[in-house]
Amino acid sequence: MDLARLTIHEAAEGLRSKTFSSVELTKSVLDQIAKRDGAVRAYVHVDEEGALASAARADERFEKGSPLSQLDGIPCGLKDVFCTKGLPTTACSNILRDFVPPYDATVVGKLKDAGMVLVGKTNTDEFTCGSSTESSCFGPSHNPWDLERTPGGSSGGSAAAVAADECIYALGTDTGGSIRQPAAYCGITGLKVTYGRVSRFGVISMASSLDSIGPLTKDARDAAIVLKAIAGHDPHDTTTPQLDIPDYLNSLGQPCLNGLKIGLPKEYFSEALNPEVAQLVRDAAAVLEKEGAILKEVSLPLTPSALAVYYIICPSEVSANMARYDGIRYGPGPEAVAKGAELELEEYYRQARGEGFGPEMKRRIMMGTYALSSGYYDAYYKKAQQVRTLIIQDFQRAFEEVDILLAPTTPTPAFKLGEHTSDPVQMYLEDVFTVAINCAGLPSLALPCGFSSEKNLPVGFQLIGPQFGESRLLQAGAYYQTLTQWHQMRSQIAMPS
Ligand code: GLN
């Protein structure tokens, strides 16, 4: 049996019944990394020794019959923005290239308490700004379905690692689509949670009012297992409310579609959408309808403005969050100083930031600083916040009519590496179906629903819910996956050795 292929729930079952050990499972994953990661480049740091040591400790617990949770002994990859005590955490930026955090992010602590075997840190666009992993200072990851294509971004390393069986599950972040788009491009499942459902403490910020954390997994049941482990209030993150956490595993896989009202937002089936993707997404809706769901066309009229709103608010917050990287508190500082030069403070900052940030970060810092500057604040930032409120109201109105929404995740299947690198606007257009959901802070579950006919590339759709409505999305998603096999497909690409 190829253990690395298993889902969390399958692996947990095998560990509990002692069919195999966590060390065997972890070795199978490490083997897969050794075979495939030279081509996929999902990881920027692999902690083989640490992973095997955690696996051995998990096996001792299984021996005693006292596993910590369903995640005990299961290998995981973490996007390289999660602070991991004693392990490099770089945000794939030169400005943090030598950073080793002295503490764990809250979610990392929670997963460690649940018995996680941390395999390594996965690639991301620099500070998670991008849709392809191409802005990573370590170079891009490759899509396991077609190595010339992007796995998506920014959590492209996490998605590629899951799709290539280089971990059993991974965590990513989603500020404007960065879990859902890579999940769609790699044919896996990804959950963007409601803003505030999962603590952001210890996770390197991109845009603080939009950032969310969630799992990338092989199916919806696994997403529920991970969410159960990481959700909840954290005194270190005041945006996490003190709400009860539902049992996300409850009634998963049971028929739950009869009478469920599913809205198809007509603006998401626009001309921007590739006709084949549109058809596959409609086919997914038809599968749900056959099981008793009621499909209804709805309208989210502000949709065409969402991208503009996002690309004002997001860079504004990015520019504020990047201000702390000055080469003194964080980062190696200017090369000239390392060679013995003495610089005035401002010149020190200029060189440290000039050398440390890549072109996309500089672009975002400039756009954001401009939108926040006193002369333009009202025209850009304030206006964008006002339209953001209207976007929230759009969704609120839709959820008066329907229980959940169903929409494409991306306009096309995965594009080629290099295709959009010289045209940032084309890159931003990749996010056209995901960003509004972040502006509204809503949960959305991305699921695979087929393959493009010509290139055999995965295609996905998303189920969007009202605030804190993750349970229903997971139930509908898990049930959809009992009716379809798309999530079980694996890339057959031969990896160059
Ligand atoms: N692609 C989007 C951007 O570049 C979203 C990034 C994200 O979700 N982290 O801003």
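Indexing begins at 1, ligand by ligand and atom by atom, following the structure's order. Here, residue 1 is the first one in the sequence, and each next residue gets the next number. Just so you know, these numbers use all the heavy atoms, side chains as well, and skip hydrogens, waters and symmetry mates.
Salt bridge annotation for Asp394-Arg397: present, with a cationic side-chain nitrogen under 4.0 angstrom from a carboxylate oxygen. One finds a salt bridge joining Asp403 and Arg472 here, because a Lys/Arg side-chain nitrogen approaches an Asp/Glu carboxylate oxygen to under 4.0 Å.
Ligand 1 is surrounded by Thr128, Cys129, Gly130, Ser131, Ser154, Asp174, Thr175, Gly176, Gly177, Ser178, Met206, Tyr310, Tyr311, Arg364, Asp431, each with at least one heavy atom closer than 4.0 Å.
Only one option out of Tyr480, Phe433, Tyr268, Trp486 pairs with Phe461 in a ring-ring contact (aromatic ring centres under 6.0 Å, His included); it is Tyr480.
Both tests hold for Arg282 against Phe269: distance to the six-membered ring centre under 6.0 Å, angle to the ring axis within 45°.
Looking at Glu267, its side chain never comes within 3.5 Å of a backbone N or O of Leu302 through a donor-acceptor pair.
Aromatic ring pairs are classed by plane angle as parallel below 30°, tilted from 30° to 60° and perpendicular above 60°; the pair Tyr325 and Phe357 is perpendicular.
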